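One structure is given below, encoded as structure tokens.
This structure is a prediction, so every number in the text was calculated from the model and none was measured. Lettering of chains follows the sequences in order, A, B, ..., and the numbering in each one begins at 1.
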Amino acid sequence: MDKTYSPAQIEQHWYAQWELQGGFAPRSDAGAKAFCIMIPPPNVTGTLHMGHAFQDTIMDALTRYHRMRGEAALWQPGTDHAGIATQMVVERQLNAEGRRRTDLTREEFLERVWQWKAQSGGMIAHQLRRLGASVDWSRDRFTMDEGMTRAVTEAFVRLHEQQLIYRGKRLVNWDPVLLTALSDLEVLSEEESGSLWYLRYPLSDGTGALVVATTRPETMLGDTAVAVHPDDERYRHLVGATLILPLSGRRIPIIADGYVDPSFGSGCLKITPAHDFNDYAVAQRHQLPLINIFTPDARLNEAAPPQLRGLDRFEARARILVELEARGFIERTEAHKLMVPRGDRSGAVIEPYLTDQWYVRVGELAAPAIAAVESGRIRFVPANWDKTYFQWMRNIQDWCISRQLWWGHRIPAWYDEAGHIYVARDAAAAAAQARAQRGRDVPLRQDEDVLDTWFSSALWPFSTLGWPAETADLRRFYPGSVLVTGFDIIFFWVARMIMMGLKFMADVPFRDVYVHGLIRDAEGQKMSKSKGNVIDPLDIVDGIGLEALIAKRTAGLMQPHLAPAIEAATRKQFPQGIGAHGTDALRFTFASLATHGRDIRFDLQRVGGNRNFCNKLWNAARFVMLSVEQQAPGPQELLFAEAGEVELTVADRWIRSRLGAAIRVVEGAFADYRFDFAAAALYEFTWHEYCDWYLELAKPVLQGAGAATPQQRGTLQTLLAVLEALLRVLHPLMPFITEEIWQRVAPRLPGPAPAAPAPVPVAVPASIMLAPWPSAADFASDPAAERDMHWLMQVVLGVRQIRGEMDLSPARKLPLLLQNASAADLALAQRHQALLMRLAGVETPCPLTDGARAPPSASALVGELTLLVPMAGLIDPVAELARLEKRMRKTGEEISRAQAKLGNDKFVGAAPAAVVAQERERLAEFERTRAGLERQLAQVRALGADPP
RNA sequence: GGACGGUUAGCUCAGCGGUAGAGCACUGCUUUCACACGGCAGGGGUCGCAGGUUCAAUCCCUGCACCGUCCACCA
């Protein structure tokens, strides 16, 4: 093995191997429990960002974990056609060529999109492979592939048959730039500064005027009433009177409606039913006419006075204000903060607009979806996300699913010339329907619109498994085990999958919903292209130079003027670019950051630390393999041949026991989706137990070449067995390095069969990913070994502390005296003498017999036992005095605290007996320590080292 | 206007009734035959503020402050 771990050399090799072996497909034996995760399909024409990489790491870890546990694990891959987003990208490309979408026919444009998909669609697959994602590529799906189209059509037709889909003319959120309707969710409202204009509307009888306050004066052209509150004394007598609408001269009534808030503005509300959702509702109640004043791109239409027609809504506002001002209709103007709705893709101000659209009647679908979470059939992790879910689901509005786009699933509805609608699975069926209803053949044309992308996404959990056919996969893998997703799409996607799953599969689509936080940059900023702070996860894996990184971040910006600022920030944050860290380090970092209910500030230094961790693991394995080859250069016979001739040291037993504990922690962490706990436990065990202690403890045992003793065999076996099992526990989080090492280690171990006289190496799985998850029971808890090791570690730490604080060279062997040693201490010291000498760097420990005078020494306490390192020629008494005094101070503080507690009758009376006993124990321990320290202090002071 | 989350060591974060932890950064010693992407030792925190409950509060309750997110029809 090389001295340094180089991820680049091993990662791509192993992924190709896994794929070749077909290791990603779920095992087919009928008895295996199914485990299934559906990938949230990313936009096919996009690339994966850090959030995806994080999410994919979690899904892959879960999949690998369950696969190793013998389950039929399926991680379903796929991509999404992402209607608006993709269409916009292709339109931008056309614009760059000086063309527009409308210069092409619909077919030509779609051809163009498919080309772009073919060209860019491989990027995500490539990234997933580099991240080690063990998705079953043979099942790769696209939300506009043939099967998905069939599923979408089927779902639409069935919902329509049950009157759960309908077509209706009503106000929708209209994007006047993209020229399409949007669902409520695709509209983001933000507070912006505007004005509140107070307009005077004269009464038709000439007796005065009413003042209305509005933030959108241009919509007055569509006013069909002014409303006041029915109890408003100021205006009650005017209800039923008529106003003359300025500029237009149209007469509109004054009506009373409880919606009006008398305390806002003047208490009079202009009603513009065709351009405001609330006004629309008021108009419905009062049978007011609707007057549309805008064209689809939000210019004034023929309903406006001639001089204003054709003006954009914002130009129109300015012009109308000038005219109103000139004619004295403006009473006053106030600055005003208001919520402005904008399209989430275009950023354009959304216009409530009267159009024909298709809707899903959601109320009926929502009820069982709410119940599924209430009853616990679906569980959110962390649990408090169910509140968010309920809040939305209980106030859900009908879902507008038609989009005036070209890229997407065409709506399976046909119209005849009279406008009758035929919803059918295909054109022929629609024609047959029309014939049956009309009594003759009638020419039909299909609806031009496409479906909201999320309509197909909502079917993802079962359409990928073959629905509407009743497939074996559906029976086996539906419902899925867990959905891993960000909170930002709980409404867009999670809720809708639950509704559709319950509707079409009569069961929930998944049991758990693991909701993770957002990946932010080191400053806590959201990562986005326009902020120029995005990092391609592969750039952390492979590294990237500064100039290349800048080029990547500033290319193709929507606002090119931001480039210099982005470049400066990038130079500041990554003066050397980004180094190569490898996939395993990145994945381990994601896992260790995956805490519950919190966004994640991504810190590149963590990845650096975890790359070092990989290197540590690599070198530990290197040490093990070197040791094994030295003792048993050939086959494994030397290590495992003669049964019974193996002796385990206390260290061997200890590390096995500790591994068992670590396995249990990791299992619990996976069950609770606490990947941070899993990572921490593995890091701690690998580095601080296996490497820091166990490998050092193994060295003295292995010293001296030649024929292996039973003890050496035991240690070699333990080195190998613990490493091999550790690799398997690490594998779900760090697939590549564990595979690379495991391929060298596993063949050295005997299989599960009992060692026969001439043991045959048992066939091991071709890959660690197919090896079984290690059983904690194979590494049973060994309290006796843990006790002995605890003692040994305390002694070693005591000596090291003296050495460290006295600045003694690590190379220097120190004499060690044992004072006040119990019989047990002496036995332990005897039994572990070699280990003790090696790890503490001391000469043979020498017990002080009772009454023997101790030389002036630096000291450390292990229970009753006092460790003494004679000072002569080594230690500065002044320094030792300072050290002892510092310890004395700390001990004194602890003693006072414990005494205060125990002196409190209420504590002794009310606290549980165990807590009181523990406190007494603590106090006794501290007092022993104090006594020991006092002895030592007296002796050092007696040297005359006490400063004046 | 509702709802949710956060505030713990210089930084990023765990912990959440009874000795305050990790990683990184920092200081000293150390280039001994797994690893300097290393080893050993060390320094560093009145756990946002104020009340309350409790024998005991970083942890539970109430209020406040600041930061963040989501939802909502006040023109």
Side-chain angles (χ1 to χ4, degrees), chain A residues 1 3-5 189 196-197 212-216 219 227 259-261 263-272 276-282 336 338-339 382 384-385 387-388 390-392 395 487-488 490-491 517-518 520 522 524 579 581 585 589 592-593 595-606 608-627 674 676-677 679-680 683-684 691-692 695-696 699 796-797 800-811 841 894 897-898 901 904-912 914-916 918-919 922 926:
Chain A
M1 289 174 79
K3 190 168 170 181
T4 303
Y5 154 68
S189 289
L196 191 59
W197 287 276
V212 299
T214 182
T215 54
R216 299 200 57 195
T219 64
Y259 167 70
V260 180
D261 175 0
S263 66
F264 187 91
S266 61
C268 301
L269 173 63
K270 67 194 261 314
I271 302 297
T272 320
D276 183 283
F277 289 102
N278 295 310
D279 293 5
Y280 183 83
V282 172
H336 185 69
L338 70 162
M339 298 297 277
N384 54 291
W385 285 107
K387 289 202 179 63
T388 307
F390 287 138
Q391 192 186 329
W392 189 69
N395 298 294
F487 58 83
D488 48 332
I490 287 181
F491 306 141
L518 208 66
R520 298 172 174 277
H581 295 83
T589 304
S592 63
L593 294 172
T595 78
H596 279 185
R598 192 162 169 142
D599 284 353
I600 292 160
R601 284 192 191 212
F602 190 81
D603 182 0
L604 198 57
Q605 292 196 308
R606 287 286 286 257
N610 288 139
R611 181 202 48 210
N612 295 354
F613 176 60
C614 291
N615 189 246
K616 188 76 179 173
L617 177 67
W618 180 265
N619 276 288
R622 184 163 166 261
F623 169 77
V624 172
M625 293 313 290
L626 288 173
S627 305
R674 286 304 303 254
D676 56 331
F677 285 0
Y683 189 99
E684 168 70 19
C691 291
D692 284 352
L695 294 190
E696 296 307 318
K699 284 174 187 174
V796 170
L797 289 171
R800 281 181 183 170
Q801 197 171 54
I802 293 169
R803 186 193 299 277
E805 294 186 2
M806 296 299 117
D807 281 353
L808 300 174
S809 159
E894 294 292 349
R897 219 181 328 165
K901 245 180 165 177
N904 183 347
D905 292 342
K906 287 180 179 168
F907 170 72
V908 179
V915 173
V916 177
Q918 188 191 335
E919 197 62 30
R922 255 166 59 78
F926 285 127

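With B:rA75, B:rA34, B:rU32 as the choices, the nucleotide that has an atom nearest any side-chain atom of A:Pro810 turns out to be B:rU32. Distances were taken from every side-chain heavy atom of A:Asp261 (C-beta onward) to each of B:rA75, B:rU69, B:rU12; the shortest belongs to B:rA75. The listed nucleotides are B:rC35, B:rC29, B:rA3; the one nearest the side chain of A:Asp807 is B:rC29. Closest to the side chain of A:Phe487, out of B:rA41, B:rU69, B:rC71, is B:rU69. Taking every side-chain heavy atom of A:Leu626 into account, B:rA34 is the closest of B:rG68, B:rA34, B:rG39. The nucleotide whose nearest atom lies closest to any side-chain atom of A:Asn612 is, among B:rG38, B:rA41, B:rA75, B:rG38. The side chain of A:Arg598 sits closest to B:rG6 out of B:rA20, B:rG6, B:rU69. Residue A:Leu797 places its side chain closer to B:rA41 than to any other of B:rA41, B:rC40, B:rC24. Nearest nucleotide to the side chain of A:Tyr259, out of B:rC71, B:rC74, B:rC35: B:rC74.
Every stem involving RNA chain B, taken as at least 3 paired positions in a row under the Watson-Crick or G-U wobble test at 3.5 Å, is listed here: B:1-7 with B:65-71, B:10-13 with B:21-24, B:26-30 with B:38-42, B:48-52 with B:60-64.
Evaluation of atom-type donor-acceptor distances gives a pair under 3.5 Å for the side chain of A:Arg922 against the base of B:rU19. Residue A:Lys616 places a side-chain atom within donor-acceptor reach of the base of B:rC35, judged by atom type and a 3.5 Å distance cut-off alone.
Between A:Trp618 and A:Tyr5, the ring planes lie tilted relative to each other; the angle falls in the 30° to 60° range.
In this model, the phosphate group of B:rA14 is approached by a side-chain N or O of A:Thr595 to a distance below 4.0 Å at OP1 or OP2. Residue A:Lys387 has no polar side-chain atom (N or O) positioned under 4.0 Å from OP1 or OP2 of B:rG2. Of the side-chain N and O atoms in A:Arg606, none sit less than 4.0 angstrom from OP1 or OP2 of B:rU12. OP1 or OP2 of B:rC35 sits under 4.0 Å from a side-chain N or O of A:Lys3. The phosphate of B:rG15 (OP1 or OP2) has a side-chain N or O of A:Arg674 nearer than 4.0 angstrom. OP1 or OP2 of B:rA75 sits under 4.0 Å from a side-chain N or O of A:His336. A close approach under 4.0 Å does not occur between any side-chain nitrogen or oxygen of A:Gln605 and OP1 or OP2 of B:rA25. Within the structure, every side-chain polar atom (N or O) of A:Asn395 is placed at least 4.0 Å from both OP1 and OP2 of B:rC71.
To the nearest angstrom, C1' of B:rA72 lies 14 Å from CZ of A:Phe277. Distance A:Trp392 CH2 to B:rA3 C1': 16 Å, rounded to the nearest Å. Summarising the geometry, the separation between CZ on A:Phe677 and C1' on B:rA14 is reported as 7 Å, rounded to the nearest angstrom.
Residues A:His596 and A:Pro382 approach most closely at CB-CG, 4.0 Å, considering heavy atoms.
Under the rule for a side-chain hydrogen bond (donor to acceptor under 3.5 Å, both in side chains), the partners of A:Arg674 that lie at least two apart in sequence or sit in another chain are A:Asp676.
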Look for any protein N or O under 3.5 Å of an N or O in nucleotides 54-57 of chain B and output each such pair with its distance, or none.
unit_1, atom_1, unit_2, atom_2, d
B:rC55, O4', A:Lys906, O, 3.4
B:rC55, O2', A:Asn904, ND2, 3.3

